[in-house]
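To start, the structure under review is shown below, and the notes come after it.
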Amino acid sequence: MTAQIHGITIHPTKYSTLGCAFQTPVQPQALPVPYWVCRNAALAREIGLNDEWLSNQELLETLTGNHVPTGLQPTASVYSGHQFGQWAGQLGDGRALSLGQFENGIEFQLKGAGRTPYSRGGDGRAVLRSSIREFLCSEAMHGLGIATTRALCVTGSDAPVYRETLESAAVVTRTSPSFIRFGQFEHFSHNNMHAELKQLADFVVDNFYPECRDSANYAGNPYAALLEAVSLRTAEMVAKWQAVGFCHGVMNTDNMSILGLTLDYGPFQFLDAFNPDHICNHTDSLGRYAYNKQPNVAYWNLFCLGQALLPIIEDQELALAALEPYKTAFPNALMTQMRTKLGFANPSEAFEGDRALVETIQKLLAQDKVDYTLFWRNLSEVMNGKSVDLVRDMFIDRAAFDAWMLQYSELLRQQIRRLEPYLMLKNNPKYVLRNYLGEQAIRQAKLKDFSEVETLLKLLQAPYEEYPNCERFAGLPPDWAADIEISCSS
Ligand code: AMP
Ligand code: MG
């Protein structure tokens with residue numbers, strides 16, 4: 001059965017064909033008097049929505065969960081997972097429901113449209129604040145070239161939602177080729193549902209990793225090949241997070257995408273001053289998900305996935321072997337990112353002195369608490385002809401910076417690698433979604449002024465470009481930014 005939404009055809013998700021062990025039919029719960037908060041015209045065009053959707057009342061109601069088009073059966077998926085290092089048991093889509101997929105195979109979900117059988121005492125709602133953050137950040141990541149789920153729009157309602165304080169409700173429409181998490185595999189494995197585990201793994205291989213089916217690696221075992229393939233995508237994703245200074249904040253296994261996409265935006269943060277130990281999640285008192293822990297946590301999560309797949313890989317040695325490539329893929333991917341930021345031609349090729357160059361600057365950035373995004377952007381400007389003082393003045397220890405600059409130019413002078421300065425401006429963003437920028441936009445949105453969200457969306461979707469009169473979005477954060485506390489509460 002298919003349905004029509006504003007003239008486009010919606011199909012049941014491929015995932016829904018897996019059957020009732022994997023999901024439960026649900027109905028969204030209506031919200032009074034919905035309004036548009038923000039809309040993503042670029043993504044709408046990709047899906048095939050014409051521009052009239054921006055003012056379509058029926059679509060507004062549908063994407064708030066007030067109306068389910070005939071022919072669609074919303075579902076919530078079941079999964080389990082490890083949270084903060086502990087087995088948490090069954091979780092599931094407690095406030096997300098899948099509506100269907102577009103012609104191009106992209107699925108879409110409403111997040112915050114009410115309770116499901118997996119709500120576990122939660123209210124099934126999302127607040128305006130966290131919904132705007134998810135909307136803007138997923139588009140920012142996409143703009144940065146980092147694999148992510150995306151967001152089509154946020155709708156709001158003045159219905160009250162209780163968190164630490166009284167807030168108002170919102171619904172994010174998010175899209176992805178699939179929302180399958182490591183936690184789905186853990187769920188079926190932990191519950192000894194090995195037929196379903198195999199069914200899920202076959203589904204993922206056939207739809208997203210077909211090359212694993214006939215791989216000669218791992219004695220022709222497609223599930224071991226899948227584990228390696230997921231590890232490599234995860235390595236690539238985390239390397240890009242580290243290079244851009246992104247902290248996810250809640251890298252629980254239920255928030256890890258089987259496609260290596262950044263998923264479930266909660267207390268995330270882009271670093272302001274460079275601090276490798278930075279903890280962005282106020283709830284994470286032990287710093288399990290600190291910025292510099294992310295690469296190892298990803299590996300720990302992949303290990304959980306490997307354990308979950310063991311009943312169908314059927315060979316512990318093979319599973320362990322499939323996890324091994326992460327250990328070289330991550331550092332290699334990270335160094336490729338850093339060589340790209342430094343402007344070297346052929347950035348995927350290592351050369352002598354590259355690692356030392358990166359480690360030295362990271363040490364200096366941390367020591368002098370230099371703003372991470374501004375440093376790289378200013379360095380790009382300097383290599384494109386601006387005065388070196390632009391970046392030199394960011395350091396307290398100028399002598400140490402001068403020595404590093406000498407190291408950098410020495411590598412260039414020796415022609416060990418050619419520099420492509422123009423590419424630096426294409427790889428070191430001018431705009432990232434700093435916490436305070438999100439906070440300012442949210443404050444205005446609470447007063448029903450959504451213009452700042454719109455402006456940020458424009459800048460973040462193409463964050464390497466220059467925009468007239470937008471310098472205020474590209475400067476140092478104000479002092480009050482340090483006091484913003486972001487928790488899991490959303
Ligand atoms: P998160 O920390 O957002 O990844 O959520 C962890 C789990 O809690 C998932 O199963 C969510 O669906 C569920 N959850 C989070 N917030 C709510 C809520 N307000 N109502 C119901 N379930 C929720
Ligand atoms: Mg989650």
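Note that ligands are numbered from 1 as they come in the structure, with each ligand's atoms numbered from 1 the same way. Worth knowing before you read on, the calculation uses all heavy atoms, side chains too, and leaves out hydrogens, waters and symmetry mates. Nothing fancy with the numbering, it's 1 onward along the sequence.
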Given that the side chain starts at C-beta and the backbone is N, CA, C, O, which of these parts of [X] lies under 4.0 Å from ligand 1, counting heavy atoms, or is it both or neither?
X      : result
Asn252 : neither
Tyr79  : side chain
Arg163 : side chain
Asp123 : both
Arg120 : side chain

When you check the gap from the basic side-chain N to the acidic O, do Lys369 and Asp272 get nearer than 4.0 Å?
no
Charged N to carboxylate O under 4.0 angstrom, Arg472 versus Glu452?
yes
Begin from the C-alpha positions of Thr64 and Asn66 and carry the test side-chain hydrogen bond (donor to acceptor under 3.5 Å, both in side chains) through to its verdict.
CA-CA 6 Å; Thr64 308; Asn66 291 357; 5.0 Å; no
Of all the heavy atoms in [X], does at least one lie under 4.0 Å from an atom in ligand 1?
X      : answer
Val250 : no
Gly124 : yes
Gly92  : yes

Which atoms from ligand 1 have a heavy atom of Leu91 less than 4.0 Å away?
10 (O)
Provide the number and element of each atom of ligand 1 under 4.0 Å from a heavy atom of Gln83.
6 (C)
How about Tyr223 and Tyr218: are their ring centroids closer than 6.0 Å?
no
Any idea which N/O/S atom from Asp264 gets closest to the Mg ion (ligand 2)?
OD2
Among all protein heavy atoms in this structure, tell me which lies nearest to atom 2 (O) of ligand 1, with the distance rounded to 0.1 Å.
Asn255 ND2, 4.5 Å
To the nearest 0.5 Å, atom CZ of Phe179 lies from atom CG of Leu261 at 9.0 Å
Answer yes or no as to whether an N/O/S atom of Asn255 is found below 2.8 Å from the Mg ion (ligand 2).
yes
Does Arg133 make a cation-pi contact with Tyr265 (under 6.0 Å, within 45 degrees of the axis)?
no
Please tell me if the side chains of Leu227 and Leu323 come closer than 4.5 Å, counting only heavy atoms from C-beta onward.
yes
Considering only protein heavy atoms, determine whether one is less than 4.0 Å from atom 20 (N) of ligand 1.
yes
Going by distance alone, is a donor N or O of one side chain under 3.5 Å from an acceptor N or O of the other, for Glu139 and Asn40?
yes
Can you say whether the rings of Phe108 and Phe102 are parallel (under 30°), tilted (30 to 60°) or perpendicular (over 60°)?
parallel
